[in-house]
Amino acid sequence: GERLYVEAIELFRELISNAYDADATEVHVRLGSDAIVVEDNGSGMSRKGLEQYFTIGSQEKRHVSVSPRLGRKRIGQFGIGKFAVLTVADEFFIESRKGGYITSVLFNKKDWEESTTWALPIHREPATVLHHEGTKVTLSKLKRSFFAVDVERYVRQVLPLRARKFTVFVNGKRMTADE
């Protein structure tokens, strides 16, 4: 997956596209010196959904090409985009709420590479009223950083910012489509 992405900035397209496909109406990207967080209010993922998310080459979006809630034509295709994050981070944490549960995975590249019996470390726990449906991806152990202005420019160029009921924020700034 890492070798398929020439430019590390493509990870933002991949993560925000996943949120769009999950019927998110808002996506918040927060850039920090020690972490990058992409959080949405989409439909979230159950344990089965998170297992599907980690299935490389998944055909799920081809078989279900329209999102269930908002009827959006899905823009993801091959199920490998999530690994674009490995171009900039050695670890990512996915936390997703669907229904009454929070399901999460901590993916550590070093642990995965060194293990001969690696299994997807999925955790599930009851959600509280403080959790909203949606997904939060936190990239840590960063290998590089990004300037907000570069991420803003890229997001404006490659994402469907004119789509109905879809808003992206980068460090709190609302993104609008380039004319």
Side-chain angles (χ1 to χ4, degrees), residues 1 8-55 58 60-61 67-70 72 74-76 79-109 111-112 120-146 148 151-152 154-155 159-161 163 165-175:
I9 202 163
E10 291 176 351
L11 76 96
F12 296 101
R13 177 180 42 85
E14 296 295 340
L15 294 174
I16 296 169
S17 293
N18 286 342
Y20 179 85
D21 288 349
D23 285 327
T25 58
E26 285 190 8
V27 181
H28 294 267
V29 177
R30 292 185 298 282
L31 306 169
S33 59
D34 58 346
I36 296 169
V37 178
V38 178
E39 187 169 9
D40 69 60
N41 66 348
S43 58
M45 291 180 279
S46 63
R47 180 183 183 91
K48 183 179 177 184
L50 207 47
E51 288 171 351
Q52 179 68 36
Y53 181 80
F54 276 92
T55 300
S58 169
E60 176 68 18
K61 289 184 181 179
S67 67
R69 205 175 357 171
L70 298 176
R72 293 176 175 161
R74 291 186 163 169
I75 54 181
I80 57 172
K82 69 202 107 319
F83 295 107
V85 302
L86 295 176
T87 61
V88 299
D90 284 331
E91 189 169 272
F92 63 96
F93 180 68
I94 299 175
E95 181 179 71
S96 192
R97 177 180 178 177
K98 184 169 187 82
Y101 291 92
I102 301 286
T103 308
S104 62
V105 169
L106 175 62
F107 183 92
N108 180 287
K109 183 180 176 186
D111 292 346
W112 177 74
L120 189 61
I122 294 181
H123 299 281
R124 185 174 175 226
E125 61 188 64
T128 69
V129 294
L130 299 176
H131 294 98
H132 63 82
E133 282 207 341
T135 301
K136 178 179 174 181
V137 178
T138 304
L139 312 179
S140 56
K141 298 188 179 179
L142 299 177
K143 298 185 264 188
R144 67 160 292 186
S145 58
F146 294 91
V151 174
E152 291 170 10
Y154 182 76
V155 165
L159 290 162
L161 297 177
K165 297 182 181 180
F166 187 66
T167 308
V168 177
F169 297 88
V170 175
N171 287 353
K173 182 178 178 182
R174 182 182 179 151
M175 299 292 96

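Along the sequence shown, the residues carry numbers beginning at 1.
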At their closest point, which heavy atom of [X] faces which heavy atom of [Y], and how far apart are they?
X	Y	result
N108	E91	ND2-OE1, 2.7 Å
R69	S43	NH2-N, 3.2 Å
P121	L106	CG-O, 3.3 Å
S140	A89	O-CB, 3.3 Å
S17	R13	OG-O, 2.7 Å

Are the side chain of [X] and the backbone of [Y] linked by a donor-acceptor contact shorter than 3.5 Å?
X	Y	value
S96	G134	yes
R144	T87	no
D90	K109	no
D40	V27	no

Looking at Y101, does the NZ or CZ of R47 lie under 6.0 angstrom from its six-membered ring centre and within 45 degrees of the ring axis? no
I'd like to check [X] versus [Y] (side-chain heavy atoms, cut-off strictly below 4.5 Å). Are they in contact?
X	Y	value
E10	Y154	yes
Y20	L159	no
T103	M45	no
M175	V170	yes
Y53	N18	yes
F146	L11	yes

How many angstroms lie between [atom1] in [X] and [atom2] in [Y], if you round to the nearest 0.5 Å?
X	Y	atom1	atom2	result
L15	F92	CG	CZ	9.0 Å
S104	K136	OG	NZ	11.5 Å
I94	L139	CD1	CG	9.0 Å
T167	R174	OG1	CZ	4.0 Å

Assess the side chains of D23 and S67: does a donor N or O sit below 3.5 Å from an acceptor N or O? yes
Side-chain polar contacts of residues 28-38 - donor-acceptor pairs under 3.5 angstrom, sequence neighbours left out - could you list them?
unit_1, atom_1, unit_2, atom_2, d
H28, NE2, E26, OE1, 2.9
R30, NH2, E39, OE1, 3.2

